[in-house]
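Note that ligands are numbered from 1 as they come in the structure, with each ligand's atoms numbered from 1 the same way.
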Amino acid sequence: MIQFENVTKIYDGETTALENVSFHIEEGEFAFVIGPSGAGKSTVTKLITREELPTEGKIYVNGIDVAKLRRSKVPYLRRNIGIVFQDFRLLSQKTIKENIEFAMEVVGASPKEIKKTVPKLLTMIGLSSRANAYPDQLSGGEQQRVALARALANQPPVLIADEPTGNLDPKSSAEIIQLLNEINVQGTTVLVVTHDREIVNSLKKRVITISEGHIFSDEEKGEYHETPVI
Ligand code: ADP
């Protein structure tokens, strides 16, 4: 589903962010990507979404050769990937229902489809009764649940969460991780970039640890560990 083959990324001809990195995340898998600041985690997500191109190596997402993709086809790639960020990134002038509807409108979903899907998503995140609230009327955890619903609105096969609990208290973090787990159980491939030791250790899922642009370890049912400072 997500495949990196000998991927190297050098920014501006001088900063090596990733060096000869290979991994394969299977369809339906749940994987954490962890590592210290500057290790190359964001570069991994930016290469998957083609915000950046690899300097060397191959990247495949849902069978798409990302680096070879023509610019005009990039929106097609992005429809295969739902993304959630640390800072939620909801539209503040729209209600939570409208935020989810809008994500579907921009990819051309029919009004009928939108009407059918949005209530289901609101139920999934437990916020049906707050459908007409604006983001700033919700707690951080609730906003992140809306961001998750929005990311899933167009049923992408892959969900990437970049520090999804970075701004949340432990209880809200646990709720978000529970939701991510449920989403994975329903069949979506989930990749979570995080610093959050608690959530990594609570789930016992695959843990890919990156350090200084290399894969330091890749463990099934892994735990959070510090990488040695070199
Ligand atoms: P992480 O997400 O693990 O903190 P990044 O992938 O953001 O790490 O960064 C890896 C390395 O690449 C760091 O040395 C960082 O300074 C560098 N880097 C990241 N983005 C850029 C960029 N756009 N231009 C130049 N260097 C960058």
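Numbered from 1 in the order shown, with element, the atoms of ligand 1 that lie under 4.0 Å from a heavy atom of T15 read 12 (O), 14 (O), 17 (C).
Inside a 4.0 Å radius of atom 25 (C) of ligand 1 there is at least one protein heavy atom.
Nearest protein neighbour of atom 12 (O) of ligand 1, counting heavy atoms only, is A17 CB, 3.4 Å. Protein heavy atom in closest approach to atom 5 (P) of ligand 1: T43 OG1, 3.8 Å. Looking only at heavy atoms of the protein, atom 27 (C) of ligand 1 is closest to Y11 CD1, 3.2 Å. In terms of protein heavy-atom proximity, atom 7 (O) of ligand 1 is closest to S42 CB, 3.6 Å.
With respect to K205 and E29, no salt bridge is recorded, no charged nitrogen being found less than 4.0 Å from a carboxylate O. K171 has no carboxylate O lying under 4.0 Å from a charged side-chain N of D169, or vice versa, which leaves the two without a salt bridge. Comment: R206 does not engage E219 in a salt bridge, judged by the lack of any side-chain N to carboxylate O separation of less than 4.0 angstrom.
Considering backbone and side-chain N/O atoms, K46 never comes within less than 3.5 Å of an N/O atom of ligand 1.
At least one donor-acceptor pair closer than 3.5 Å links the side chain of E142 to the backbone N or O of S139.
The shell of residues lying under 4.0 angstrom from ligand 1, judged by heavy atoms, excludes G35.
For the pair K58 and F4, the cation does not sit on the ring face, since its NZ or CZ is not both under 6.0 Å from the ring centre and inside 45° of the axis.
A 4.5 Å side-chain heavy-atom check between P135 and N99 finds at least one atom pair inside the cut-off. Inter-residue side-chain proximity for Y224 and V207 is flagged as unmet; no heavy-atom pair is nearer than 4.5 Å.
If you check each of G213, A39, G38, S211 against atom 11 (C) of ligand 1, the one with the closest non-hydrogen atom is G38.
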